[in-house]
Amino acid sequence: MIELKKSRLPESVEVDGSLYAIHTSFKYFLRFIELLANKDIKPQDFDFMYKSKKPQDRESGLIALVQFCNPPQILPHTDKLEGSSEKAVDYTIDADYIFAAFMERYGIDLVESDMHWYKFQALFKGLHDTKLNEIISYRLWENTSGKRDAYTRQMEKLKSAWELPQESDEEDEDLKAFEALLYPNE
């Protein structure tokens, strides 16, 4: 999360009381997120995120990197039980649409950019009226009316056409175990 009162964005993570400089380009974090989905990966496989010195406790380092990648959000207020847990964006599958949206809305060529991960996230959240937003709306659409009219059938077709591949239940269990390490009081 960007703090406008500060003159710089963070460029390190704290592990066991020491700071470790990390690569903060969105490109590094897209790779980081991609690797997190691999259940066979080990904490030391994320060493590429550190600029030089690496923490002794790689597991704590990984947790710090995940927390940097997903800073706490104050708004909007949501109940964890409400809302869809459905994945709406895949940075690899949707890469062309993400590129196009940033170029269209901000004039930013993501191939040429090494912007900070927090800037990328803030700009991504601010996207509107792009093909990417349209695709996301199809993926998140739900028939709350209970009707079976032409509009509903069309939206169901679009939702199906743009649906992301589902992750296996085994991967979901691994993710839940990892999240329990990150957020032990929840």
Side-chain angles (χ1 to χ4, degrees), residues 1-95 98 102 110 113-127 132 136 139-140 164-186:
M1 175 162 59
I2 293 177
E3 292 185 46
L4 296 176
K5 296 175 287 199
K6 295 189 176 184
S7 62
R8 300 189 65 172
L9 293 172
E11 296 182 3
S12 61
V13 292
E14 184 175 344
V15 180
D16 297 328
S18 297
L19 291 177
Y20 297 89
I22 61 170
H23 295 282
T24 59
S25 165
F26 76 97
K27 293 174 183 178
Y28 276 86
F29 276 94
L30 294 180
R31 178 69 178 135
F32 176 78
I33 291 166
E34 186 178 57
L35 288 175
L36 278 178
N38 182 342
K39 67 177 184 157
D40 297 324
I41 203 108
K42 296 169 185 54
Q44 57 270 24
D45 294 332
F46 295 93
D47 285 353
F48 72 95
M49 291 296 296
Y50 300 100
K51 286 187 174 180
S52 56
K53 195 171 111 178
K54 299 161 190 61
Q56 286 288 114
D57 183 354
R58 294 299 205 286
E59 193 168 303
S60 293
L62 178 56
I63 290 169
L65 288 168
V66 169
Q67 290 170 338
F68 188 97
C69 184
N70 301 299
Q73 298 296 311
I74 298 169
L75 295 175
H77 302 289
T78 58
D79 182 355
K80 282 192 176 191
L81 298 177
E82 79 181 46
S84 175
S85 62
E86 218 171 322
K87 188 175 176 184
V89 176
D90 182 293
Y91 292 114
T92 302
I93 293 170
D94 297 324
I98 295 168
F102 271 72
L110 290 177
S113 175
D114 279 323
M115 84 173 70
H116 192 285
W117 174 241
Y118 287 4
K119 286 182 184 180
F120 176 85
Q121 286 185 308
L123 292 172
F124 189 90
K125 290 173 188 173
L127 286 172
L132 178 65
I136 291 169
R139 290 176 181 158
L140 297 176
L164 291 169
Q166 297 295 313
E167 297 173 359
S168 72
D169 289 341
E170 183 180 309
E171 289 172 348
D172 289 344
E173 291 304 316
D174 290 340
L175 179 61
K176 287 176 187 172
F178 183 70
E179 286 175 343
L181 282 172
L182 288 176
Y183 312 107
N185 297 331
E186 294 181 4

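- Residues Met49 and Val13 fail the side-chain proximity criterion, which asks for heavy atoms closer than 4.5 Å.
- Nearest approach of Asp94 to Val89, heavy atoms of both residues: OD2-CA, 3.5 Å.
- Val15 approaches Ala64 most closely through the heavy-atom pair CG2-CB, 3.8 Å.
- Heavy-atom minimum distance, Phe26 versus Leu110: CZ-O, 3.4 Å.
- Tyr50 approaches Leu62 most closely through the heavy-atom pair OH-N, 4.2 Å.
- The environment of CD1 in Ile74 is sparse: at most 12 heavy-atom neighbours from other residues, nucleotides or ligands sit within 6.0 Å.
- Residue Tyr91 comes nearest to Ile33 through the heavy atom pair CE1-CD1, 3.9 Å, listed as atom of the first residue, atom of the second, then distance.
- Proximity of a side-chain donor or acceptor of Asp45 to a complementary backbone N or O of Lys42 within less than 3.5 Å is detected.
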Donor-acceptor pairs are to be reported for all side-chain atoms of residues 51-58 against protein atoms at under 3.5 Å, with residues two or more places apart or in another chain.
from	atom 1	to	atom 2	distance (Å)
Lys54	NZ	Ser52	O	3.0
Asp57	OD1	Glu59	N	3.3
Asp57	OD1	Ser60	N	3.2
Asp57	OD2	Ser60	OG	2.6
Arg58	NE	Asp47	OD1	2.7
Arg58	NE	Asp47	OD2	3.4
Arg58	NH1	Pro55	O	2.8
Arg58	NH2	Asp47	OD2	3.1

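- The ring pair (Phe, Tyr, Trp, His ring centres under 6.0 Å) with Phe29 is formed by just one residue from the set Phe124, Phe120, Trp117; it is Trp117.
- At least one side-chain heavy atom of Leu132 sits less than 4.5 Å from a side-chain heavy atom of Leu127.
- Scanning for side chain to side chain contact (heavy atoms under 4.5 Å, CB included) contacts around Ile93 gives Asp90, Leu164, Pro165, with sequence neighbours left out.
- Residues passing the side chain to side chain contact (heavy atoms under 4.5 Å, CB included) test with Leu19, sequence neighbours excluded: Ser12, Glu14.
- Taking the six-membered ring for Trp and thresholds of 30 and 60 degrees, His116 and Tyr118 have ring planes more than 60 degrees apart, a perpendicular arrangement.
- Ring geometry, Tyr28 versus His23: the interplanar angle falls under 30°, so the pair is classed parallel (tilted spans 30 to 60°).
- Every residue meeting the side chain to side chain contact (heavy atoms under 4.5 Å, CB included) condition with Gln73, not counting sequence neighbours, appears here in chain and number order: Met1, Pro71, Lys125.
- Here salt bridge (charged side-chain N to carboxylate O under 4.0 Å, His left out) pairs that include residues 24-35, with residues two or more places apart or in two chains, are Lys27-Asp114, Arg31-Glu34.
- For Phe46, the ring-ring contact (aromatic ring centres under 6.0 Å, His included) criterion is met by Phe32, not counting sequence neighbours.
- Here Asn70 contributes atom CG and Leu36 contributes atom CG; the two are 8.5 Å apart, rounded to the nearest 0.5 Å.
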